[in-house]
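Input: a single structure, listed below in structure tokens.
Bear in mind that the values here come from a model prediction, so they are computed numbers and not experimental data. The first residue of the sequence shown is numbered 1, and numbering continues consecutively from there. One-based numbering, in listed order, for ligands and for the atoms of each. These values consider heavy atoms only, across backbone and side chains, with no hydrogens, waters or symmetry-generated copies.
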Amino acid sequence: MSRRQMRTSSMNLILLGIAMADMTFPIIAIKKKIEFGSWDRENGSNLPPGPTPLPLIGNIHQLIYLIWKLNGIVPTLDFYRKKYGNAYTIWLGPMPTVNITDYEMAHEIFVKNGKKCQDRQLAPVLEHISGGHGILAANGENWAEMRRFTLLSFRKMGVGSGLMEKKIMAELDGRCSELDAEIDKNGKVTVPVDFFDLTVGSVINSLLVGKRFDENSKDEFLKIKKMFDDSSETFNLFDLNVPVWFLKWVLPWRFRITWDARQNILSHVGKEAVERFQKLKDGTYDLDSEEPKDLVDCFLAKMRSENEKGQDGHPGYNMDALKLVLHDLWLAGQGTTATSLYVGFLKLVTHPSVVLKIQKELLKITQKSPSSRDLTLQDRPNTPYLNATIAEIQRFTSVLNVNFWRINDELISFRGFQVPAGTMMTAQIGALHVNEQLFENPDEFDPERFLRNEKLLQQLIPFGIGKRSCVGEQLARSELYLVLGNLLLRYDIRAHGALPTNMDVFPYSSAKLPDTSGKFEFRKIQKT
Ligand code: HEM
């Protein structure tokens with residue numbers, strides 16, 4: 001771990017402590033108008049077991065100690081699971097949080113009782129930036145409308161169908177032709193993490209604003225990406241709860257780093273939308289609502305039709321909301337997918353027998369006389385080994401150390417527990433994916449676990465569960481399948497130098513960030 005990383009990690013741990021001493025209660029309790037004590041047994045609540053909380057500070061002191069001792073949030077959540085079972089309560093100050101680490105239980109709460117827990121506990125700093133618009137840091141009618149709109153627009157643009165597949169493949173082919181040019185000269189090419197970032201970033205950018213990242217725009221993309229990574233390094237449980245005024249006045253550098261990263265993404269993705277809106281007003285651009293070019297076109301068409309309805313139109317369709325939706329999709333879809341691909345290749349180059357099995361499976365399907373072809377989404381039912389490997393990669397990657405909390409708006413009863421309205425609850429995906437009751441020997445990279453027990457595929461929830469689960473799941477699944485599968489068909493891929501082993505450089509932050517210094521060597525596989 002570099003000195004900078006060590007500094008950030010220690011800082012995160014200290015901040016976690018300050019945060020919990022104790023901001024959470026006044027902020028959430030006042031906002032949600034929840035009375036202190038509403039979690040008492042007299043009020044009919046019977047929360048799952050957990051460590052004994054102290055007045056006001058709850059379990060914060062134990063949390064900080066364990067996170068330090070066990071070196072991370074996921075091992076701490078796993079420790080509590082082993083001690084108290086798959087549903088346990090941890091008190092962040094005087095606020096209880098109910099944590100679930102088992103699939104069946106998560107399904108019972110977040111799917112069967114899905115409507116009762118649609119709202120997120122919004123990080124004040126993110127809510128401040130979003131103003132309640134967008135998808136990620138929004139709740140209620142605004143969130144529901146934007147989520148519906150996004151899913152519908154994705155469908156219109158061919159996500160999950162051949163149309164999107166063509167776009168992903170065109171992007172991959174473009175990137176591969178750059179690699180091939182280098183291989184033709186030197187016999188091999190060194191591939192850093194940027195390759196995955198740019199491939200995924202371009203697919204999302206094309207979907208959102210109709211542009212891929214080429215030679216001219218790639219530096220701009222990498223700059224924004226770096227800013228966002230820097231802000232993610234420091235974003236932890238503290239930022240999820242602390243009020244904006246505290247950040248602004250006591251830790252202005254910390255507020256600025258989050259604010260700048262978000263504003264930069266906003267202005268980058270928003271620029272194209274604003275320019276197009278202006279052209280539409282000037283009459284120099286027209287919308288094709290039958291075949292929208294990208295998400296901006298879909299939104300502008302909807303905005304126009306809602307405006308035409310006058311008072312009856314939905315007020316949520318305006319330029320601010322468009323910018324926020326673009327921001328959220330870019331933010332939520334870029335790093336998650338690119339990290340999964342990068343971690344995937346880190347695992348694959350250290351497990352050559354897995355690669356050989358995948359290649360054998362894929363060649364059987366794609367290498368038919370007289371020529372070979374690319375792998376397509378239609379092949380999925382015939383590639384169980386690749387499917388299992390992608391599942392195992394996603395289990396290992398588990399992009400969130402601590403999942404976003406939902407807040408239930410009605411009492412939820414499960415397995416004899418009674419969780420009153422206003423409680424923070426979540427399926428802790430990271431901890432669930434290392435639960436040895438579900439995934440035997442969880443530290444081992446073992447794709448075949450999913451072939452030995454097919455039920456396991458259902459119990460893996462990398463995209464979350466319930467009403468707030470991932471909007472980009474279909475897109476991400478298509479990208480992972482096409483990019484991983486086709487790269488393995490085209491190239492012999494090995495490690496370039498020593499590979500990093502640290503899969504979570506900032507184990508105290510809310511997202512999992514692997515050491516991205518790893519590089520790969522690609523050589524072309526000669527095809528028939
Ligand atoms: C491998 C890639 C991805 C992973 C592992 C992933 C994972 C997740 C997870 C765990 C959540 C939170 C679920 C919860 O609250 O329980 C989420 C939410 C979300 N994801 Fe993804 N995601 C990925 C790719 C994408 C892509 C490609 C997009 C869009 C282009 C996207 C957009 C979103 C949005 C907008 C939300 C918030 C949904 C809401 O609040 O209603 N994600 N994702």
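- Using a 4.0 Å cut-off between charged side-chain N and carboxylate O, Asp409 and Lys115 make no salt bridge.
- Here Phe149 and Tyr317 bring their ring centres to under 6.0 angstrom of each other.
- A salt bridge is absent between Glu361 and Lys357: the closest approach of a Lys/Arg side-chain nitrogen to an acidic carboxylate oxygen does not fall below 4.0 angstrom.
- Considering only non-hydrogen protein atoms, atom 13 (C) of ligand 1 sits nearest to Arg468 O, 3.4 Å.
- Within the structure, the closest approach of Ile429 to ligand 1 falls below 4.0 Å when heavy atoms are considered.
- A tilted orientation is assigned to the rings of Tyr491 and Phe522, their planes being inclined by 30° to 60°.
- Judged by the shortest distance from any of its heavy atoms, Gln334 lies outside the 4.0 Å radius around the atoms of ligand 1.
- Under 4.0 Å from ligand 1, the heavy atoms of Ser469 that appear belong solely to its backbone.
- Between the side chains of Glu141 and His314, at least one donor-acceptor pair of N or O atoms lies under 3.5 Å.
- Of all protein heavy atoms, the one closest to atom 16 (O) of ligand 1 is Arg406 NH2, 2.8 Å.
- Atom 30 (C) of ligand 1 has Leu329 O, 3.7 Å as its closest protein atom, hydrogens excluded (heavy atom only).
- The shortest N or O to N or O distance between Thr337 and ligand 1 is not below 3.5 Å.
- Aromatic pair Phe345/Phe196: centroids less than 6.0 angstrom apart.
- Of the charged side-chain nitrogens involved, none lies within less than 4.0 Å of a carboxylate oxygen, so that Glu171 and Lys167 do not count as a salt-bridged pair.
- Here is the list of ligand 1 atoms found below 4.0 Å of a heavy atom in Gln394: 1 (C).
- Around atom 21 (Fe) of ligand 1, protein atoms of type N, O or S found under 2.8 Å number 1.
- With Val159, Leu136, Leu475 as candidates, the residue nearest to atom 36 (C) of ligand 1 on a non-hydrogen basis is Leu136.
- Contact atoms of ligand 1 toward Ser340: 1 (C) (distance under 4.0 Å to a heavy atom of the residue).
- Taking the charged nitrogens against the carboxylate oxygens, Arg415 and Glu108 do have a contact shorter than 4.0 Å, which makes a salt bridge.
- No side-chain heavy atom of Asn486 sits less than 4.5 Å from a side-chain heavy atom of Asp173.
- Asp214 and Ser217 form a side-chain donor-acceptor contact under 3.5 Å, judged by distance and modelled atom types alone.
- A side-chain donor from one of Arg468 and Asn139 sits under 3.5 Å from a side-chain acceptor of the other.
- Using a 4.0 angstrom heavy-atom cutoff, Trp143 counts as in contact with ligand 1.
- Checking Thr101 against Asn99 by side-chain atom types alone, no donor-acceptor pair falls below 3.5 Å.
- Here salt bridge (charged side-chain N to carboxylate O under 4.0 Å, His left out) pairs that include residues 436-447, with residues two or more places apart or in two chains, are Arg81-Glu436, Asp446-Arg452.
- Residue Pro462 approaches ligand 1 through these ligand atoms, each under 4.0 Å from one of its heavy atoms: 5 (C), 7 (C), 10 (C).
- Atoms of ligand 1 found under 4.0 Å from any heavy atom of Arg147, numbered from 1 in the order shown, are 38 (C), 39 (C), 41 (O).
- Considering Leu386, Thr376, Ile168 in turn, Leu386 is the only one that fulfils the side chain to side chain contact (heavy atoms under 4.5 Å, CB included) rule with Tyr481.
- Looking at Thr397 against ligand 1, nothing comes within 4.0 Å, counting heavy atoms.
- Judged by the shortest distance from any of its heavy atoms, Arg120 lies inside the 4.0 Å radius around the atoms of ligand 1.
- Residue Asp328 does not touch ligand 1, judged by heavy-atom distances below 4.0 Å.
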